[in-house]
Protein chains: 2
Amino acid sequence: MVTQKYHHGDLKNALIKAGIEILSSDGVGGLSLRKVAQRAGVSHSAPYAHFADKQALIAAISTEGYRRLYERLLSVNRNYSGDPLRQLVEAAWVYTRFALDDPAHFKITLSGIIEKEKDYPAFVEMSQRSFSVVAEIVRACQQEGILEPGDTDAVAVSVWSLVHGFVSLLLEGQISHTVTERMSTRELLIFTLNRMVEKPIPSEWVAEEGNI
Amino acid sequence: MVTQKYHHGDLKNALIKAGIEILSSDGVGGLSLRKVAQRAGVSHSAPYAHFADKQALIAAISTEGYRRLYERLLSVNRNYSGDPLRQLVEAAWVYTRFALDDPAHFKITLSGIIEKEKDYPAFVEMSQRSFSVVAEIVRACQQEGILEPGDTDAVAVSVWSLVHGFVSLLLEGQISHTVTERMSTRELLIFTLNRMVEKPIPSEWVAEEGNI
DNA sequence: GACGATATCTTGACAATGTCAAGATTTTCT
DNA sequence: AGAAAATCTTGACATTGTCAAGATATCGTC
């Protein structure tokens with residue numbers, strides 16, 4: 001049976017959900033096992049029946065973060081099928097929106113708080129799946145001359161680096177105010193993507209929020 | 001007086017130094033105030049004479065990290081004066097080396113662990129100074145047609161995003177092994193920079209470690 | 001349906017940690 | 001020299017991650 005109904009019902013997922021909620025309200029520093037347990041309505045040691053330690057819970061929360069990102073990336077690909085440039089822009093935008101909407105969840109998922117990712121295969125798999133969506137977009141862009149040809153995985157790393165770096169600097173407040181005062185976040189993202197792309201991104205897209 | 005000589009001599013800097021050493025040996029998770037105090041040879045509460053709380057010590061350690069980065073960036077600019085493309089490549093390499101040589105110090109400095117940077121003016125200033133070095137390189141690159149013209153600060157954000165993202169993904173182990181197995185880190189970095197630059201980076205530079 | 005094995009959860013405890021208060025000691029200033 | 005300030009120690013407390021022992025519910029087998 002997948003969803004076991006013991007005392008609580010589905011405590012494992014309840015703990016993940018509680019953790020995400022606490023991240024949203026109290027930030028990364030406010031996430032404690034005991035608070036998570038309390039919010040789920042169980043005693044402070046109950047989580048140990050489902051997670052080996054705090055790292056394991058964080059890994060599960062991160063995996064869920066990646067899963068949500070992955071689903072939105074797939075959704076973008078579906079909604080803009082046949083338009084790789086638009087897929088690229090909206091995939092980057094989805095990434096940015098995740099970070100802005102839920103900064104703490106984004107950080108814990110993608111800012112390397114997990115020390116040994118190797119120990120959490122589910123996390124590694126979701127991360128690889130997300131990367132492969134990006135690689136697929138990159139491949140399509142290469143076929144249309146939007147991105148330079150060559151090693152698709154390497155180009156995908158470059159593109160992913162650009163987007164991830166942009167979002168990271170954004171979250172850390174490290175982007176100069178002289179820039180953010182003049183351009184919206186979406187405008188700056190598109191400006192940045194334009195540095196890497198062979199054909200210009202239509203300027204109308206700045207105003208159009210992509211459909212997810 | 002700047003360097004006061006009281007009981008210990010210069011405990012404030014000793015604590016920063018001890019913190020950096022602990023980061024290097026025990027990682028970000030292993031950094032505790034009490035361990036720092038012990039390593040500096042003082043009691044567990046002594047740091048409170050110099051730092052308001054743990055965040056303040058972390059801010060000081062981060063500021064020192066930025067200072068080191070800043071100095072190396074300046075050094076790059078000096079050593080490759082008049083060669084903006086090379087300055088760009090080696091500045092990016094300096095950034096990468098900092099992350100690889102001292103991952104925990106890099107993370108705590110640049111991965112947004114400080115919640116409210118605003119509260120630490122010294123940190124903000126070093127961060128802005130470092131950015132201005134990059135902006136200076138970008139401006140020189142624009143003048144030589146190496147980077148597209150236009151808003152220099154915005155282009156600098158794009159370039160900085162690319163490098164920062166690359167390094168972050170590298171540290172987090174999120175770069176596909178299909179890529180890292182075929183290319184060295186420096187090669188991949190230069191490959192990535194080549195996606196954003198109008199003139200190709202000489203392939204000989206891959207083998208040449210830049211002088212810092 | 002009964003029963004042993006297993007999964008789940010609670011209670012209680014402990015060490016590590018961040019932080020504060022009170023006091024001792026040293027330096028600085030007048 | 002003596003007062004004031006800075007520096008450091010000791011002791012305490014709440015929070016937290018983690019483990020051990022035990023209670024309770026569920027599952028698989030007969």
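We name chains A, B, ... by the order of the sequence lines, and we start the count at 1 in each one. Keep in mind that what you see is a predicted model, and the values were worked out from it rather than measured.
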B:His50 side chain N/O closer than 4.0 Å to the phosphate oxygens (OP1, OP2) of D:dC8?
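It does, given that an N or O in the side chain of B:His50 lies less than 4.0 Å from OP1 or OP2 of D:dC8.
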Separation of [X] atom [atom1] from [N] atom [atom2], in whole Å?
X       : N      : atom1 : atom2 : value
A:Leu57 : D:dT18 : CG    : C1'   : 14 Å
B:Tyr48 : C:dA22 : OH    : P     : 17 Å
B:Lys54 : D:dT16 : NZ    : C1'   : 12 Å
B:Lys35 : C:dT17 : NZ    : C1'   : 11 Å
B:Lys12 : C:dT27 : NZ    : P     : 20 Å
A:Ile58 : D:dT16 : CD1   : P     : 14 Å
B:Leu11 : D:dT9  : CG    : C1'   : 13 Å
B:Phe51 : C:dT19 : CZ    : C1'   : 16 Å

Both conditions, 6.0 Å and 45 degrees, for the charged tip of A:Arg78 above the ring of A:Tyr80: are they met here?
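No, A:Arg78 and A:Tyr80 do not form such a contact.
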#### Entry: Candidates A:Val159, A:Val133, A:Val157, A:Asp153 - the one meeting side-chain contact (heavy atoms from CB on, under 4.5 Å) with A:Val138
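That would be A:Val159; it is the only one of A:Val159, A:Val133, A:Val157, A:Asp153 passing the side-chain contact (heavy atoms from CB on, under 4.5 Å) with A:Val138.
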Practice item. Kindly write out the residues that satisfy side-chain hydrogen bond (donor to acceptor under 3.5 Å, both in side chains) with B:Thr192, not counting sequence neighbours, or none if the list is empty. Key: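 Partners of B:Thr192 by the side-chain hydrogen bond (donor to acceptor under 3.5 Å, both in side chains) criterion, ordered by chain and then number, come out as A:Ser158.
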**Prompt:** What residues form a side-chain hydrogen bond (donor to acceptor under 3.5 Å, both in side chains) with B:Glu64, not counting sequence neighbours?
**Reply:**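 Applying side-chain hydrogen bond (donor to acceptor under 3.5 Å, both in side chains) to B:Glu64 gives B:Arg67, B:Arg68.
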Original post:
With sequence neighbours left out, what residues match B:Tyr66 under ring-ring contact (aromatic ring centres under 6.0 Å, His included)?
Top reply: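 So B:Tyr66 forms a ring-ring contact (aromatic ring centres under 6.0 Å, His included) with B:Phe123.
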* Could you list the residues that satisfy ring-ring contact (aromatic ring centres under 6.0 Å, His included) with A:Phe106, not counting sequence neighbours? =>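 A:Tyr95, A:Phe98.
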- Sorted by first residue and then second, give each salt bridge (charged side-chain N to carboxylate O under 4.0 Å, His left out) pair with at least one member in residues 22-36 of chain B; sequence neighbours left out.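 For residues 22-36 of chain B: B:Asp26-B:Lys35.
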Of the listed nucleotides ([options]), which one gets closest to any side-chain atom of [X]?
X       : options               : result
B:Asp53 : D:dG17, C:dC9, C:dT19 : C:dT19
A:Ala49 : C:dT8, D:dT7, D:dG17  : C:dT8
B:Val42 : D:dT9, C:dT19, D:dC19 : D:dT9

Reading nucleotides 11-16 of chain C from 5' to 3' and marking B where a protein heavy atom lies under 4.0 Å of the base, S where only the sugar-phosphate is that close, and - otherwise, the string is BBB---
